[in-house]
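Just so it is clear: chains get the letters A, B, ... in the order the sequence lines come, proteins before strands, and each one is counted from 1. From a predicted model like this one, the values you see are computed outputs, not experimental measurements.
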Protein chains: 2
Amino acid sequence: MFTLSEENYLKTIYHLGLNSEIGVSTNEIAKKMQTKASSVTDMIKKLSDKNLVVYKKYKGVRITDFGRNTAANIVRKHRLWEVFLVEKLNFSWDEVHEVAEQLEHIKSPKLINELDALLGFPKQDPHGDPIPDKEGNYYPLEKKLLATLGLGEKGICVGVNDSSSSFLQFLDKQKIALGNEIKVLGKEPFDDSIQIQIANRELSISNKIANNLYIKIL
Amino acid sequence: MFTLSEENYLKTIYHLGLNSEIGVSTNEIAKKMQTKASSVTDMIKKLSDKNLVVYKKYKGVRITDFGRNTAANIVRKHRLWEVFLVEKLNFSWDEVHEVAEQLEHIKSPKLINELDALLGFPKQDPHGDPIPDKEGNYYPLEKKLLATLGLGEKGICVGVNDSSSSFLQFLDKQKIALGNEIKVLGKEPFDDSIQIQIANRELSISNKIANNLYIKIL
DNA sequence: ATTAATTTTTAGTCTTATCTAAAATAATAA
DNA sequence: TTATTATTTTAGATAAGACTAAAAATTAAT
């Protein structure tokens with residue numbers, strides 16, 4: 001199978017390539033992985049030898065169908081473990097990532113299928129991100145950034161764009177959780193802040209926050 | 001912290017040293033780890049540098065208090081994961097070892113403490129082996145090998161000596177499980193087999209089996 | 001108490017995954 | 001279009017963990 005390092009590089013290439021038609025550049029990968037471009041070139045060759053990516057010198061990499069499938073399976077494991085940690089082990093949503101980064105590399109098909117069943121076959125992780133099925137397919141929710149909603153629009157909080165601890169902890173402090181209903185009461189042109197109603201409270205939300213919260217329109 | 005390899009060597013040294021006063025030999029470790037004596041010597045030096053073992057050239061190693069504590073913590077994780085796999089994920093007791101070997105290296109104190117709570121703070125793993133507490137202490141059950149019981153003696157099946165898949169699958173097939181009450185009906189001098197009563201059935205058990213089943217005397 | 005056999009260690013090599021520095025290629029600007 | 005800048009690759013080095021073969025130390029046997 002694949003080494004820890006190979007899996008981590010593949011996952012990064014998978015995420016970086018999701019919304020782009022062209023290849024993923026060496027520097028992009030290096031930045032995301034906090035490593036050097038030369039290390040990336042080395043690893044890319046290994047991934048290419050294993051048919052996980054297609055590599056053309058100086059032209060970046062593109063993931064293959066096999067690679068995409070393999071990566072989606074790692075993402076599936078990561079997100080299922082995140083659900084487990086929150087639902088069964090009382091982790092908060094800002095604590096799960098680091099541990100899931102370790103757990104996603106455990107090799108046992110039975111383990112992950114049984115875990116899926118134990119959790120009731122969840123479709124989203126604690127941050128609202130979709131969990132791929134066994135075939136690597138997933139169905140992203142229809143969602144918009146809070147910042148793009150118009151005055152008076154209503155929706156349900158379904159995910160975050162930024163999963164950093166500081167952002168998630170901010171949401172906890174403001175008692176904003178996935179599933180909450182939100183209505184836009186006002187938009188302030190001066191600083192692009194937004195006034196919202198959430199669970200019978202009124203809050204003023206900065207533009208930065210509004211650009212990192214996903215809403216499903218009702 | 002410690003690498004995967006360091007943890008695996010330490011665990012082996014811990015287990016090999018449990019019932020002996022003298023040091024553990026290089027060859028013993030190599031045999032158990034399925035590796036070469038020279039690799040063991042290399043690793044022993046690393047463990048010694050990290051104060052996990054005391055090493056004297058040609059004299060084998062002894063684990064330190066710090067090493068014993070570290071090893072017991074890995075064993076604690078291994079056995080808690082085994083309980084989880086059996087109790088929550090429908091693994092059978094012959095399937096758990098391989099996966100637990102991976103899971104035992106996950107680093108997260110919160111994870112293991114919450115897992116312990118989720119499982120109801122179990123004291124034994126699915127094979128009847130004791131689970132060390134956070135301080136590395138554990139309390140082995142008073143137990144005897146079935147082969148050593150006298151005629152008419154009764155007890156409860158509390159553990160296995162051999163955890164190989166083939167032995168565990170044999171027990172499953174014979175419907176012998178931990179917790180079952182067993183009574184010795186007869187002992188056959190010719191082949192040292194034993195006649196037992198278990199859950200209203202009578203069985204003839206070979207000496208080899210009887211030497212791998214632990215019984216708590218009633 | 002030497003010799004022989006076994007165990008353990010050392011020395012040197014290999015692979016994986018990293019890095020730095022330099023060379024090669026591609027992209028951009030004058 | 002040529003020169004400059006940025007990106008990417010290559011070459012060579014390093015560290016961890018493993019191996020083989022040979023040397024050294026210990027143990028066993030005559």
Side-chain angles (χ1 to χ4, degrees), chain A residues 1-14 16-17 20-63 67 70-71 74 101-102 104-107, chain B residues 1-14 16-17 20-63 67 70-71 74 101-102 104-107:
Chain A
M1 286 309 287
F2 309 111
T3 68
L4 189 74
S5 237
E6 287 167 349
E7 289 195 352
N8 282 331
Y9 273 95
L10 183 67
K11 203 174 38 140
T12 299
I13 294 166
Y14 170 76
L16 289 175
S20 86
E21 297 301 307
I22 60 168
V24 181
S25 82
T26 304
N27 257 4
E28 243 182 307
I29 300 167
K31 195 175 173 187
K32 202 78 166 188
M33 304 271 307
Q34 314 230 64
T35 184
K36 296 294 143 78
S38 56
S39 306
V40 174
T41 303
D42 284 348
M43 181 53 82
I44 280 173
K45 288 176 185 165
K46 288 173 200 157
L47 298 181
S48 179
D49 288 344
K50 296 190 175 188
N51 297 311
L52 292 165
V53 300
V54 176
Y55 169 55
K56 283 213 203 83
K57 267 193 191 180
Y58 295 101
K59 298 293 178 184
V61 281
R62 304 195 63 160
I63 201 162
T70 304
I74 300 169
E101 283 288 299
Q102 300 178 60
E104 71 187 3
H105 301 291
I106 303 291
K107 269 110 187 145
Chain B
M1 286 309 288
F2 309 110
T3 67
L4 189 76
S5 237
E6 286 168 350
E7 289 195 353
N8 283 331
Y9 273 96
L10 183 66
K11 203 174 39 139
T12 299
I13 293 167
Y14 170 77
L16 288 175
S20 86
E21 298 302 307
I22 59 168
V24 181
S25 82
T26 303
N27 256 4
E28 242 182 307
I29 299 167
K31 194 174 171 188
K32 202 77 166 189
M33 304 271 308
Q34 315 229 64
T35 184
K36 296 293 142 78
S38 56
S39 308
V40 175
T41 303
D42 284 348
M43 181 53 82
I44 281 173
K45 288 175 186 165
K46 289 173 198 158
L47 297 181
S48 179
D49 288 345
K50 298 191 175 189
N51 297 310
L52 292 165
V53 301
V54 176
Y55 169 54
K56 283 216 203 82
K57 269 192 190 181
Y58 294 101
K59 298 293 178 185
V61 281
R62 304 194 63 159
I63 203 162
T70 304
I74 301 169
E101 283 287 300
Q102 300 179 61
E104 70 186 5
H105 301 291
I106 303 291
K107 268 110 187 147

Quick one: [X] [atom1] to [N] [atom2], roughly how many Å, whole number?
X: B:K46; N: C:dT10; atom1: NZ; atom2: P; value: 14 Å
X: B:I44; N: D:dG17; atom1: CD1; atom2: P; value: 14 Å
X: A:M43; N: C:dC19; atom1: CE; atom2: P; value: 11 Å
X: B:E28; N: C:dT7; atom1: CD; atom2: C1'; value: 12 Å
X: A:K36; N: C:dC19; atom1: NZ; atom2: C1'; value: 7 Å
X: B:K31; N: C:dT7; atom1: NZ; atom2: C1'; value: 14 Å

With heavy-atom distances below 4.5 Å as the criterion, would you say the side chains of A:Y55 and A:T26 are in contact?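 SC-SC contact between A:Y55 and A:T26 ruled out.
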
Non-hydrogen side-chain atoms of B:I13 and B:L52 separated by less than 4.5 Å: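 B:I13 vs B:L52: side chains apart.
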
Given [N], is OP1 or OP2 found less than 4.0 Å from the side-chain N or O atoms of [X]?
X: A:S38; N: C:dT18; answer: no
X: B:T41; N: C:dT9; answer: yes
X: B:S39; N: D:dC19; answer: yes
X: B:N27; N: C:dT6; answer: no
X: B:T35; N: D:dC19; answer: yes

Check each residue of residues 53-62 of chain A for a non-hydrogen atom within less than 4.0 Å of any atom in DNA chain D, then write out the ones that pass by number, or none.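 When residues 53-62 of chain A is checked for heavy atoms under 4.0 Å from DNA chain D, the hits, listed by number, are A:Y55, A:K57, A:Y58.
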
Considering only heavy atoms, which members of residues 2-10 of chain B lie under 4.0 Å from some atom of DNA chain D? B:T3, B:S5, B:Y9

Which atom names give the shortest non-hydrogen contact between [X] and [Y], and what distance separates them?
X: B:K46; Y: B:E6; result: CB-OE2, 4.3 Å
X: A:A30; Y: A:A37; result: CB-N, 3.8 Å
X: B:K11; Y: B:E104; result: NZ-OE2, 2.7 Å

D:dT10, D:dT8, D:dG17: which one has an atom nearest the side-chain heavy atoms of A:K45?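 Among D:dT10, D:dT8, D:dG17, the one nearest the side chain of A:K45 is D:dT10.
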
Would you give the length of the straight line joining atom NZ of A:K56 to atom OG of A:S48, rounded to the nearest 0.5 angstrom?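 Rounded to the nearest 0.5 Å, the NZ-OG separation comes to 11.0 Å.
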
Side chain to side chain contact (heavy atoms under 4.5 Å, CB included) for B:F2 and B:T70? Distances and angles first, verdict last. CA-CA 10 Å; B:F2 309 110; B:T70 304; 3.7 Å; yes

Tell me, yes or no, whether the heavy-atom count around B:K107 atom NZ, taken from other residues, nucleotides or ligands under 6.0 Å, exceeds 12.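 More than 12 within 6.0 Å, yes.
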
Worked check of side chain to side chain contact (heavy atoms under 4.5 Å, CB included) between B:N8 and B:I74: CA-CA 9 Å; B:N8 283 331; B:I74 301 169; over 6 Å; no

